[in-house]
Structures are given as structure tokens and as C-alpha cells.
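Below is one structure, written out as C-alpha cells, with a few remarks after it.
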2 protein chains.
Amino acid sequence: MQRFKAEFFKALAHPLRIRILEVLAEGEKSVNEIQTHVGSEGSAVSQQLQILRAKNIVSGTKDGNKVIYTLKDPMIIELLAVARQIFNNHLVDTITILDRFKDDEEVPAAPKN
Amino acid sequence: MQRFKAEFFKALAHPLRIRILEVLAEGEKSVNEIQTHVGSEGSAVSQQLQILRAKNIVSGTKDGNKVIYTLKDPMIIELLAVARQIFNNHLVDTITILDRFKDDEEVPAAPKN
DNA sequence: GTAATCTATTATTATATATTCAAATAATCA
DNA sequence: TGATTATTTGAATATATAATAATAGATTAC
């Protein structure tokens with residue numbers, strides 16, 4: 001159970017693979033389209049897709065000399081959304097801390113606490 | 001953005017760390033309690049907590065010679081739940097495929113399609 | 001007060017795994 | 001056959017994991 005999860009999260013633990021999933025979240029795409037969207041070269045994209053295929057996160061269907069990729073489970077979209085929310089919360093926290101720091105700086109005689 | 005997410009997922013890409021987070025999802029715990037729950041030895045747990053701290057996923061508060069750990073963002077709980085759902089969907093898919101395979105086996109004269 | 005005990009963390013190192021890049025290969029189309 | 005699309009391979013490099021010993025801080029016992 002935890003093992004599966006760890007492997008799953010490992011598949012997500014890479015910027016390009018996240019980007020690919022976000023592109024596929026908008027709808028099925030050929031490798032060429034994915035390449036264009038993520039701005040990486042062919043073998044890099046192909047390799048990352050191979051990892052995502054191996055982990056059953058995406059699937060590819062041949063269409064002539066093209067391959068169309070889709071997300072295997074739409075819940076990936078939700079997972080990415082939750083992660084984005086956590087990121088935003090983290091950002092808010094960071095900004096809040098900076099604001100506090102700024103306030104302290106403006107009050108030289110702050111209590112020693 | 002993707003970088004942060006990748007680092008975040010990397011922190012989740014380990015069985016023991018997932019287990020720790022699941023334990024903390026039930027409420028704050030001392031290291032000793034976490035150890036008992038996950039059944040790993042002290043330095044292993046401590047090292048994984050260090051990684052989770054470094055990624056701002058958990059925070060530890062000293063209480064005498066004990067340290068109490070909590071999740072920094074309760075949305076981690078939701079993320080783990082979504083991941084669990086994806087796992088379950090995957091399991092269902094796998095079982096469905098096995099069922100199909102079984103059916104085919106029982107019908108020797110299956111269509112060639 | 002000191003030593004022992006408890007709780008937790010850090011450091012170190014061998015080993016495993018992942019990433020990156022470029023070249024080679026394979027399948028399909030015109 | 002050459003062009004297009006995509007995948008695989010190989011190797012250098014980077015990063016993660018796991019186990020053990022050492023260290024640090026707080027509490028308790030004598």
C-alpha cells in the first residue's frame with residue numbers, strides 16, 4: 001500500500017512530468033503537442049512519458065505514426081489541484097512571515113519575548 | 001512552481017514518510033509515538049522527519065526532552081485521501097482485467113478480436 | 001552535583017536509484 | 001527512399017536510501 005503510494009509520488013516528483021500531466025489534464029495530446037506545450041525536446045519528453053506509462057498514470061494510443069496520450073485516471077487532476085492548494089497555502093505562510101519580519105523591523109523596541 | 005511541486009512529491013515518495021504522515025493525520029504525536037506506530041527504529045524515523053521538516057510538511061515543537069510533531073497543512077490529509085482513491089481505482093482496474101482474463105480462459109473458443 | 005537514563009538528532013558511508021543528454025533505433029507516411 | 005514521429009539505449013553525473021555510530025539536550029536517580 002505505502003509502497004504503491006511511494007512509487008506513485010515518485011512518478012510525480014519531477015518538474016517535467018508534472019508539466020506533462022498538467023498539459024494532459026486539459027485533454028488528450030500527441031507527443032508532438034506535449035513537446036510544444038512543455039518546451040522540451042523529444043527524447044526527454046518520450047522518456048518521461050515512459051515513466052508515467054510504467055506507473056500506469058498515462059496511456060498512449062497509436063494513431064498512424066503519432067501516439068495520443070491520456071490520463072488513465074481523471075483524479076490525477078484533483079491531486080494536482082490539492083497540491084497546488086498546498087503550495088498556495090505555503091506561499092501565503094511565507095508571505096505572512098515576511099510581513100511579520102517587516103513589522104518587527106519597523107518597531108525597533110519590540111518586546112524581548 | 002513545478003519545481004516546488006516536484007520537491008513536495010519527492011518528500012512523499014517514500015513508504016516510511018507516507019506512513020509517518022498518515023500517523024500524524026490522526027493528530028499530533030511525539031517521535032516515540034510515531035516510532036511505535038510505524039514500527040521503525042529511532043534514527044530512521046528521525047531522519048525521515050528531518051526531510052519532512054525541511055520541506056515544511058511537518059513541524060516539531062519541543063516539550064521537555066520530547067518533540068511533538070504536527071502536519072503543517074491539514075490539506076495533506078486530503079492529498080493522501082486522493083492518492084488512496086487513485087490506488088483503489090487502480091486496484092479495481094487491475095481486478096477487472098484479471099476477471100476478463102479469467103473469463104477468456106473459461107471460454108476456449110473466444111472470438112479472435 | 002554528577003552520573004545514568006531517556007529522547008531525539010546528526011554524521012558517515014556504502015549502495016541503490018534517478019536524471020540528463022545525445023546517439024541510435026523503430027515504425028509510419030509521403 | 002527520405003521525412004516524420006516516437007522510443008530506446010548508453011553512459012556520466014546527481015541524488016536518495018539505509019544502517020550504524022556518534023552526538024546533543026533534557027530528565028531522573030543517587
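Quick note on labels: first sequence line is chain A, next is B, and so on, each numbered from 1.
When each of dA6(D), dG10(D), dG25(D) is scored by its nearest atom to the side-chain atoms of K62(B), the top-ranked nucleotide is dG25(D). When distances run from any side-chain atom of R53(A) to the nucleotides dA26(D), dA8(C), dT8(D), the shortest one goes to dT8(D). Distance from the side chain of Y69(A) is smallest for dT7(D) among the nucleotides dT9(C), dT7(D), dT4(D). In this structure, the nucleotide among dT7(D), dA16(D), dT7(C) sitting nearest to the side chain of K10(B) is dA16(D). Of the candidates dA8(C), dT5(D), dG10(D), the closest approach to any side-chain atom of Q47(A) belongs to dG10(D). For N65(B), counting side-chain heavy atoms from C-beta on, the closest listed nucleotide (dT9(C), dA6(D), dC6(C)) is dC6(C).
Classified by interplanar angle (parallel below 30°, tilted 30° to 60°, perpendicular above 60°), the ring pair F4(A)/H90(B) is parallel.
Across all strands shown, G42(B) has heavy atoms under 4.0 Å from base atoms, whether or not it also approaches the sugar-phosphate. Note on Q50(B): only backbone sugar-phosphate atoms sit closer than 4.0 angstrom, heavy atoms only; bases stay farther off.
Side-chain atoms of Q35(A) and base atoms of dT5(D) include no donor and acceptor less than 3.5 Å apart. Contact of S43(B) with dT20(D) (side chain to base): a donor-acceptor pair of N or O atoms is detected under 3.5 Å.
At a threshold of 4.5 Å between side-chain heavy atoms, the hydrophobic network of Ile, Leu, Val, Met, Phe, Trp and Tyr places I18(B) and I77(B) in one connected group.
Comparing R17(A) and A44(B) by the nucleotide of DNA chain C whose heavy atom lies nearest to each, the residue mapping closer to the 5' end is A44(B).
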Check against salt bridge (charged side-chain N to carboxylate O under 4.0 Å, His left out), E22(B) and R17(B): CA-CA 9 Å; E22(B) 286 176 343; R17(B) 294 203 288 272; over 6 Å; no
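Rounded to the nearest 0.5 Å, atoms CD (E78(B)) and CG (L79(A)) are 9.5 Å apart.
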